Amino acid sequence: MKNNEEYVLLDSGNMRKLEQVGPYRLVRPALNAFWSPSLPESEGNAADSVYTRRNDGSGGWSGRLPESWNARYAGFLLKIKPTGFGHLGFFAEQIDNWNNFANLIGPGMNALNLFGYSGLGSMAMARTGSRVCHLDASPCMIEWGREIQKLNPDVPDAIRWISDDVRKFVKRELRRGSAYDLIALDPPTFGRGSKGEVWKIETDLPALLRDCRELRHKGHRFNLVVSMHSPGFSIMVLERMVREAFGSGESLESREMSIAESTGHRLPAGISLTWRGFCD
């Protein structure tokens, strides 16, 4: 593993991916990996645990794993906790977005991270010297994020951790007259808020984007970063939605997110868009 990284995507294929996460080798679903694995079958057979998703949407891990362990990735010491959904607490494909925050914001600026999950994006924002508001509907994810922050003492104590429904929180921020220089969001296809509120991306994302536009720091250059993993939302669809809400701006860069494999290939893992400019 290079550069002291303790997470490596070793291989993918047959709709699965083989990962090394600290001392543990794991196999998880990769539903878009329609090709054959590059590594010998013995490499996958040596996995410590395999996550299997059942037809009813549930799933589980085989073998024995600890409840949690630590591993380094993207300049952070992570607390890994295998969940019943097959997640580990971070999305490796977001690394380019995390690294790019330093080019978008800096000291004295305000950043908002919606659907912030375990907070690695928020911590990357805080490292730029910005004041950060992190929001996720799950109190458990907020606590997980706080635990990871404690493992990384170089991350400034400049993050407000909030568990709330995204739409309700943004509406309150509008009434309060809050303003941000950067808003990042990684909306799910479907979800529920802290009090059971239902989120559907096809109906709720357009309105949320319009509200985010009104939260811009007027007169300043504004930065929007949107990533998603929803079927049916191509780069062209996302670009059109963002332009409808924000206009053309100065620049709009979109890309297919992916994770580098030890084999030299890359595993596609969603799409991402960065919009910059003035929208007064």
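Remember, it's a predicted structure, so these values are computed and weren't measured experimentally.
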- [ ] Using only heavy-atom distances, determine whether the side chains of D96 and N99 contain a donor-acceptor pair under 3.5 Å.
- [x] no

Task: Set of residues satisfying side-chain hydrogen bond (donor to acceptor under 3.5 Å, both in side chains) with respect to T263, sequence neighbours excluded - done: E261

Task: Nearest non-hydrogen partners of M123 and W161, listed with the distance - done: CE-CH2, 3.9 Å

Task: Reference residue Y180; test side-chain contact (heavy atoms from CB on, under 4.5 Å); the match among H217, R216, H220, E173 - done: E173

Sequence neighbours excluded and cut-off under 3.5 Å, please list the side-chain donor-acceptor pairs for residues 125-136, or say none.
residue : atom : partner : partner atom : Å
R127    : NE   : D154    : OD2          : 3.0
R127    : NH1  : G75     : O            : 3.3
R127    : NH2  : G75     : O            : 2.9
R127    : NH2  : D154    : OD1          : 3.3
R127    : NH2  : D154    : OD2          : 2.8
T128    : OG1  : M125    : O            : 2.6
T128    : OG1  : S130    : N            : 3.4
T128    : OG1  : S130    : OG           : 2.9
S130    : OG   : G106    : O            : 2.9
R131    : NE   : N110    : OD1          : 2.8
R131    : NH2  : G108    : O            : 2.8
R131    : NH2  : N110    : OD1          : 3.0
H134    : ND1  : S122    : OG           : 2.7
H134    : NE2  : Y117    : O            : 3.2
D136    : OD1  : S138    : N            : 3.0
D136    : OD2  : Y117    : N            : 2.9

Task: Near-ring test H229/F233, centroid separation under 6.0 angstrom - done: no

- [ ] Using the ring of W144 (Phe, Tyr or Trp, six-membered ring only), decide whether K81 places NZ or CZ under 6.0 Å from its centre and within 45 degrees of its axis.
- [x] yes

- [ ] Taking only Lys NZ, Arg NE, NH1 and NH2, and the carboxylate oxygens of Asp or Glu, determine whether E147 and K79 approach each other closer than 4.0 Å.
- [x] yes

Open item on the list: Taking the basic N atoms (NZ, or NE/NH1/NH2) and the acidic carboxylate oxygens, is any pair closer than 4.0 Å for R25 and E43?
Closed with: yes

Open item on the list: Pairing donors with acceptors under 3.5 angstrom, does anything connect the side chains of E239 and S254?
Closed with: yes

Open item on the list: Is the distance from the ring center of F76 to that of F90 below 6.0 Å?
Closed with: no

Task: Residue pair E19 / Y24, side-chain donor-acceptor N/O under 3.5 Å - done: no

Task: Expected output: side-chain Y51 to main-chain P82 donor-acceptor under 3.5 Å - done: no

Open item on the list: With a 4.0 Å cut-off on N to O distance, would you call D11 and K17 a salt bridge?
Closed with: no

Open item on the list: Please enumerate all residues that pass side chain to side chain contact (heavy atoms under 4.5 Å, CB included) together with N97, with sequence neighbours excluded.
Closed with: Q94, V225, S227, R255, M257, S272

